[in-house]
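Scroll down for the structure; my scribbles are underneath it.
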Amino acid sequence: MSHGIPETDGTHETNEITLARLPSGVALTTTTHTYRGAEEGPTLYVQAAQHGREINGTETLRRFHERLPLESLSGTVVAVPVANPLTFDRVSYTTPEQLDSVNANMNRIWPGDAGGSLHQRMAARLWEEISQADAVIDLHTGSPDMLPHTVYQEGDTRSRRLAEAFGIDLLLSEEADDDASDEWHRRGFAGKLRVAAANEGIPSITPELAHNKQIVEDVVDEGVDGLLDVCRYLGMLPGEIPERDLTVARNHLGQVTATTAGLFRPKPSLEVGQEITAGTPIGTVYDPTTYEPLHEAVADRNGILYALTQEATVVGGDQLASVALIREE
Ligand SMILES: [Zn+2]
C-alpha cells in the first residue's frame, strides 16, 4: 500500500498456504506470518507444532508476535505457528497411517518431496520458505519429565552460536551423519528439519520447551526471550545478548530402558537437571500384583539427568531416564 511516503515502520502480513490435499479433496492449509523490517537484514524462519501436541511453541510465537518491536526490525522473520495441522487437531505426535503410510512422524522426512507422501508434501511446501532463511528455529516440547534444552548439531559452530543466543540453560549437541550412532540412523534422525537445514548450510536449532499439551508460562517466556535474543544476535534487532554461562552436554541416544514390564516408581529424591554418576539408582520396576521388584534401574554413565519418566506403566524397552554426558570443553 504505497501513498508515496517511504515505509519506515516495518510490516506484518499473514498468508494462508496450502500444505497438501487430503483424500477428500479438502485443502490442508496453515497460516504463515511474515514480519518485514524497514531495513534490510537476514531472514529468520521459526516454526512450531510439527508435532501437534507440542503447543508451547505455538504460544511462544503468539507472544513473540505481541512483543516483536516491528519498528526496530531489520530483515525478515517468517513464523509458522502450526506447521502440522493434522497432528495439532489430534493433539498427537504422529499422523495416522491412513494419511501417511511412509512416515507417521513429520520430523523424519525433511526436506520433503513435492511428489511424495502427505508429510513429504507438507514439508516440501514449508521448505520453500525455509530454504530462503539464514537461520532456522524448530520449536518443540519434551515430556513432563524432561528438562527444557536446546539441541544443535555437534561440530556445527554457527548452530551452536544460535543455541547460545537462544539461551535455554542446557545445550545438547547431537552427532550427525558419519559421526552418529547406528541408533541415530535407524531412527531416521537424518530427516529432522534441524539436520536437513544444517546440511544446507543453514544454522538451525531445536529448542525443547518444557512439556506438551499444557502451556507452561515461564518456559514460554524463556522461548519468547530466546527468539528476541536470536534476532539481536543476527543483527535484526538492536541491543546485545547477555553473557551466559550455559551447560553444554552431549545428547546420548542410549537411554536407561526398562528390562521388563510393570510399574516404574522413579526414585523420589531425583530431579531432572541434577548431575548423577554411573550406578546411581533411578527407580524400580515392580510387579503390580505381587509387589515383587523386577528391575532396579541405575544410571549407565556420569552426566546430567535430563529426563526421568513419570508415567508409571511401562513395558520392556521403554525409556526410564536420559543422562547427557557433560562435554569436555
Ligand atoms: Zn517434537
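Just so you know, these numbers come straight off a predicted model, no measurement behind them. Side chains included, hydrogens not; waters and symmetry mates left out as well; all remaining heavy atoms used. Indexing begins at 1, ligand by ligand and atom by atom, following the structure's order.
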key: the Zn ion (ligand 1) to His140: nearest N/O/S atom name   = ND1
request  = Determine which of the N, O or S atoms in His51 is closest to the Zn ion (ligand 1) and give its atom name.
outcome  = ND1
ask   = Does one side chain, of Asn107 or Gln50, offer a donor that lies under 3.5 Å from an acceptor on the other?
value = yes
ask   = Can Ser131 and Glu128 be counted as having a side-chain donor-acceptor contact under 3.5 angstrom?
value = no
query = When you check the side-chain N and O atoms of His119 and Asn105, is any donor under 3.5 Å from an acceptor?
reply = no
query = With a cut-off of 2.8 Å, does any N, O or S atom of Glu54 fall short of it relative to the Zn ion (ligand 1)?
reply = yes
query = Do we see a donor-acceptor contact under 3.5 Å between the side chains of Thr259 and His295?
reply = yes
